[in-house]
Amino acid sequence: MEALFIYIVKSSSLMLMFYCAYYFLLRKETFFNSNRWFLLSGLIVSVILPLLTYTKVIWINASPDLNTNFQNSLLNKSHQESADWNWNYIILGLYGLGLLIFIIKLAIDFYSLNSIIKGKKIKQQADFKFIDINENIAPFSYFEYIVYNSSLYTASELESILEHEKVHSDQNHTLDVLISRIFSIIFWFNPIVWFYKKAISQNLEFIADSEASKKLSDKKAYQYTLLKITTHENCVAITNHFYQSLIKKRIVMLNKNQSKKRNSWKYYAVIPALAAFVLLFQIEVVAKERQQNVKVVSKEIESVDVYKIWKSSSDSDLKEIKEKLKSIHNIDLKYSDIKRNAENELTSIKVDVINGKDKSQSIQTGDKTIKGFGIVVITNKDGKKKAGIQTTDEKIAVSKKLTINDKTNTTEIKNVNTNTDTNVNVNSTTSTKTNSDTNSNTSTTVIINKDNNTKVITSDEGSTVAVSNGTKTKVKIGFPLVIVNGEQMPSSFDMHSIPNENIESVNIWKGDNATAKYGSKAANGAIEIETKN
């Protein structure tokens with residue numbers, strides 16, 4: 001919704017800029033045809049330019065809290081949108097009501113026009129279709145149709161009128177009228193669009209007057225005809241009609257000397273303003289982190305417990321999981337926004353896992369049933385617990401616990417069901433061994449370098465961990481791993497490219513929870529985004 005409002009403001013600003021350029025610089029010039037294209041191009045630019053953006057990337061040093069803040073901002077999106085939705089929908093409703101009224105008015109105008117033309121005798125002459133009517137309506141043209149009441153005018157007056165309307169028809173001025181009318185409907189709330197529409201209509205009359213007077217022998221007689229037509233105020237909308245309330249301006253422009261060509265520089269005055277608009281509003285600056293080294297202290301895992309929630313889980317099942325987490329692990333579990341379909345399957349649920357000061361959250365809403373997920377509790381050997389949420393339609397990743405035995409001079413690799421960082425205990429330099437478990441999605445290679453007493457652990461995801469003293473690990477991290485609809489995104493993917501209204505749910509994985517699910521490639525955390533499509 002916010003993006004729509006910003007677009008409307010930008011588009012209206014561009015329309016105002018073109019109108020001001022026309023009003024203050026070009027309105028009194030006799031470059032009528034050039035003014036026509038200038039005004040039309042202003043409408044086109046005001047629609048297209050706000051949609052074009054240039055992305056500028058700047059690189060910054062990583063901040064320890066940068067990812068956390070970004071993740072928190074993602075989690076807060078739903079809360080902010082829910083707080084503002086009332087105003088958004090009220091404004092949208094008012095706009096829709098105005099739009100509907102003007103669309104109905106346009107339909108009525110088309111109906112009135114059709115009722116005048118339908119069933120009348122048409123006289124074809126070259127590319128024009130003449131219709132002589134009996135109604136007291138000002139002469140008008142609509143595409144190739146030229147409608148008039150011959151009984152109201154003398155032969156010379158009718159000749160002037162028809163020459164005028166032929167110019168409108170021949171140059172397709174009806175298209176200009178319809179385009180300006182459509183813009184006035186879409187931007188009905190913007191007063192500038194109504195002035196803009198009037199400027200287009202006036203300039204079209206200047207064009208028709210200028211071209212028609214060239215074909216007539218008596219220019220003064222044409223002007224007298226203009227004055228006579230002012231008595232016919234009954235006009236048909238969405239047409240080019242001979243009567244206009246700006247008769248005085250039209251006569252002044254007819255008698256005005258031709259503008260000098262050097263005044264055409266005024267058309268280019270809008271270019272600096274367009275350039276400023278692009279530089280100020282259409283360049284999007286995106287900040288990206290430079291990769292840097294951080295230290296991660298390894299931990300040993302005692303156990304990993306997973307409590308699964310499926311779409312078919314009943315209220316009693318949910319209550320049982322909540323009681324077990326509280327009694328066994330002293331972890332609070334809260335459910336809210338629970339909705340079910342006719343088959344009693346879950347279609348909406350909000351889960352909050354509270355472990356002391358730590359809190360994990362999963363929100364799934366929509367018309368379809370939820371995806372299964374699990375409450376994962378990791379218990380370290382020191383008794384500390386970590387809790388998180390993991391989708392259960394994927395296997396829990398298996399990290400490696402590596403122990404080097406200095407007595408047997410061999411390297412032993414054990415598989416432990418865990419979702420924490422790889423744990424390495426090194427007592428001495430020994431040998432090199434590679435082991436891959438068939439039940440795991442990862443394999444680990446341990447290389448002991450006797451020259452500089454450095455051990456290197458390489459996983460099949462391509463990440464590298466350098467261990468220098470057996471207790472601390474240096475890993476290279478960059479951006480959090482981003483998973484959109486189950487598909488891993490490249491490191492250059494911009495999460496802001498997904499509109500807020502298209503996001504169905506967001507799950508944030510950090511630390512142990514992230515590496516448990518996606519391995520070492522998620523050492524900097526993982527963000528799971530499910531879209532509505």
Side-chain angles (χ1 to χ4, degrees), residues 36 40 99-186 188 193-194 196-209 211-213 215-216 222-247 249-250:
R36 176 193 182 188
L40 288 177
L99 188 68
L100 180 62
I101 291 173
F102 285 105
I103 290 176
I104 293 174
K105 177 65 170 58
L106 179 64
I108 293 174
D109 291 339
F110 272 114
Y111 177 79
S112 300
L113 174 63
N114 184 65
S115 63
I116 294 174
I117 297 176
K118 188 176 181 181
K120 299 296 191 301
K121 184 179 179 180
I122 298 175
K123 181 181 178 182
Q124 183 80 38
Q125 181 180 334
D127 294 330
F128 308 108
K129 296 179 180 179
F130 296 96
I131 301 179
D132 193 352
I133 60 175
N134 297 321
E135 291 87 346
N136 185 13
I137 297 176
F140 67 87
S141 62
Y142 180 74
F143 290 107
E144 70 272 23
Y145 292 95
I146 296 177
V147 182
Y148 57 94
N149 186 344
S150 60
S151 63
L152 300 176
Y153 314 104
T154 65
S156 60
E157 290 172 345
L158 188 59
E159 181 186 5
S160 299
I161 292 171
L162 294 181
E163 287 297 335
H164 179 95
E165 297 303 331
K166 283 180 181 180
V167 176
H168 282 313
S169 180
D170 190 50
Q171 295 189 12
N172 291 315
H173 288 176
T174 304
L175 287 176
D176 300 50
V177 174
L178 291 176
I179 290 172
S180 63
R181 182 69 179 271
I182 291 172
F183 269 82
S184 66
I185 292 175
I186 297 175
W188 62 266
V193 75
W194 298 101
Y196 207 105
K197 176 176 175 289
K198 183 178 180 181
I200 289 177
S201 297
Q202 289 180 353
N203 187 67
L204 294 177
E205 294 306 316
F206 295 154
I207 294 174
D209 288 338
E211 295 298 324
S213 63
K215 299 177 182 179
L216 297 171
Y222 180 80
Q223 297 176 39
Y224 285 128
T225 303
L226 288 179
L227 293 174
K228 181 177 181 179
I229 301 301
T230 58
T231 59
H232 301 282
E233 297 185 359
N234 189 13
C235 304
V236 179
I238 64 170
T239 63
N240 300 108
H241 40 82
F242 191 82
Y243 165 73
Q244 287 281 353
S245 60
L246 61 145
I247 296 298
K249 292 181 181 179
R250 291 170 62 180

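Values below: all heavy atoms of this structure, side chains included; hydrogens, waters and symmetry mates excluded. Computed from a predicted model, the values in this text were never measured in an experiment.
In this structure a side-chain-to-backbone donor-acceptor pair under 3.5 Å is present from Thr174 to Phe143. Between the side chain of Glu211 and the backbone N or O of Val167 there is no donor-acceptor pair closer than 3.5 Å. For the pair Trp194 (side chain) and Trp188 (backbone), a donor-acceptor distance under 3.5 Å is present. Of the possible donor and acceptor atoms, one in the side chain of Ser184 sits under 3.5 Å from a partner among the backbone N and O of Arg181. Side-chain N or O atoms of Gln223 include none that pairs as donor or acceptor with a backbone N or O of Thr225 at under 3.5 Å.
Checked for salt-bridge contact, Asp132 and Lys120 miss the test: no charged N lies under 4.0 Å from a carboxylate O. A salt bridge links Asp176 with Arg36; the closest basic N to acidic carboxylate O contact falls under 4.0 Å.
At least one side-chain heavy atom of Ile103 sits less than 4.5 Å from a side-chain heavy atom of Ile185. Leu113 is listed as a side-chain neighbour of Phe140, based on a closest heavy-atom distance under 4.5 Å.
Ring orientation note: the planes of His168 and His164 are nearly perpendicular, at an angle over 60° on the 30°/60° scale.
Taken from CD1 in Ile137 to CD1 in Ile116, the straight-line distance is 3.5 Å, to the nearest 0.5 Å. Atom CZ of residue Phe206 and atom CZ of residue Arg250 lie 8.5 Å apart, to the nearest 0.5 angstrom. In this structure, OG in Ser169 is found 8.0 Å from CZ in Phe130, a value given to the nearest 0.5 Å.
Counting non-hydrogen atoms of neighbouring residues, nucleotides and ligands closer than 6.0 angstrom, the CG atom of Asn114 exceeds 12 such neighbours.
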